[in-house]
Amino acid sequence: MHIKIDFERGGVFTATFLFEEAPKTCRFIVDRLPFSYEFHQSVVSGQAMVALPPDLTAERENQRTLGLPPGSLCFLVKNPPMNVPDEIYISYGSFFVPRSFAVDAHEPVNVFGEIESGLDELMAVGNRILMEGAETVRFSLLEEDGGP
């Protein structure tokens, strides 16, 4: 099953859902498609775009903090004691999720999808968001998978 990711100022990508690694998160995302959120450059996590969805949350599974390759789709689950909201990340380069003033403190994310091709274009889109500001990104199920 695949997800289409469409950036408002250009750039369309296909990602594969990682159902074996994060079945609950994948099902949760699929059940809510299509949706759109405003993505901006992550302030603390490296080369990643991030959205703070006010209406999505997930359970923790397949939690990772490091070694997330470009093209990873991640869901950061709300952690109120650490003042962490729900977040969706699209990594486009070096990416990790620190969540404290300590260098080795990381907040793990659910890795639920992967963009496998067009990573140079994804890097260009990420740099565009970094330099030009946030833009709306639409997520939908691919037509061949029964989507729009």
Separation between CD1 (I29) and CZ (F17), nearest 0.5 Å, reads 7.0 Å
Are there over 12 heavy-atom neighbours, none belonging to E20, within less than 6.0 Å of that residue's CD? no
Testing the basics here: between L119 and G71, what is the closest heavy-atom pair and its distance to 0.1 Å? CD2-CA, 4.0 Å
Given side chain to side chain contact (heavy atoms under 4.5 Å, CB included), test V12 with R138 step by step and report yes or no. CA-CA 10 Å; V12 178; R138 178 175 167 78; over 6 Å; no
Enter the distance from L130:CG to H40:NE2 here, rounded to the nearest 0.5 Å. 12.5 Å
Counting heavy atoms not belonging to D31, are there more than 12 under 6.0 Å from its CG? yes
With a 4.0 Å cut-off, would you call E135 and R9 a salt bridge? yes
Using side-chain heavy atoms (C-beta onward) and a distance below 4.5 Å, is F35 in contact with D55? no
Nearest-0.5 Å distance, NZ of residue K4 to OG1 of residue T14: 8.5 Å
Between L73 and V111, does a side chain to side chain contact (heavy atoms under 4.5 Å, CB included) hold up when you go through it step by step? CA-CA 6 Å; L73 303 181; V111 181; over 6 Å; no
Over all heavy atoms of both residues, which pair between C26 and F19 is shortest? Give the atoms and the distance, please. CB-CE2, 3.4 Å
Which atom of A15 lies closest to which atom of I5, heavy atoms considered: CB-CD1, 4.1 Å
Does E59 reach the main-chain N or O of K24 with its side chain, forming a donor-acceptor pair under 3.5 Å? no
So, does E87 use its side chain to make a donor-acceptor pair with the main chain of V50 at under 3.5 Å? no
Within the structure provided, determine whether I88 and P53 are in side-chain contact (heavy-atom separation under 4.5 Å). yes
When rounded to the nearest 0.5 angstrom, what is the spacing between OG in S72 and CD in E114? 6.0 Å
When rounded to the nearest 0.5 angstrom, what is the spacing between OG1 in T136 and CD in E38? 5.5 Å
Go through it in stages, so that I can follow the logic: the residues are N127 and Y92, the test is side chain to side chain contact (heavy atoms under 4.5 Å, CB included), and I'd like the CA-CA distance, side-chain angles, deciding distance and then a yes or no. CA-CA 9 Å; N127 285 329; Y92 63 90; 3.9 Å; yes
Please examine the side chains of F7 and I129, heavy atoms only from C-beta on, and report whether any two atoms are closer than 4.5 Å. yes
Could you tell me whether the side chain of N110 and the main chain of E61 form a donor-acceptor pair under 3.5 Å? yes
Over all heavy atoms of both residues, which pair between S91 and L122 is shortest? Give the atoms and the distance, please. O-CD2, 3.4 Å
In terms of heavy-atom contacts, A58 and F75 come closest through N-CE2, 3.7 Å
For R128 against G10, the heavy-atom pair lying closest together: NH2-O, 2.8 Å
Could you go step by step and tell me if F139 and R32 meet the side chain to side chain contact (heavy atoms under 4.5 Å, CB included) rule? CA-CA 10 Å; F139 291 73; R32 282 150 182 83; over 6 Å; no
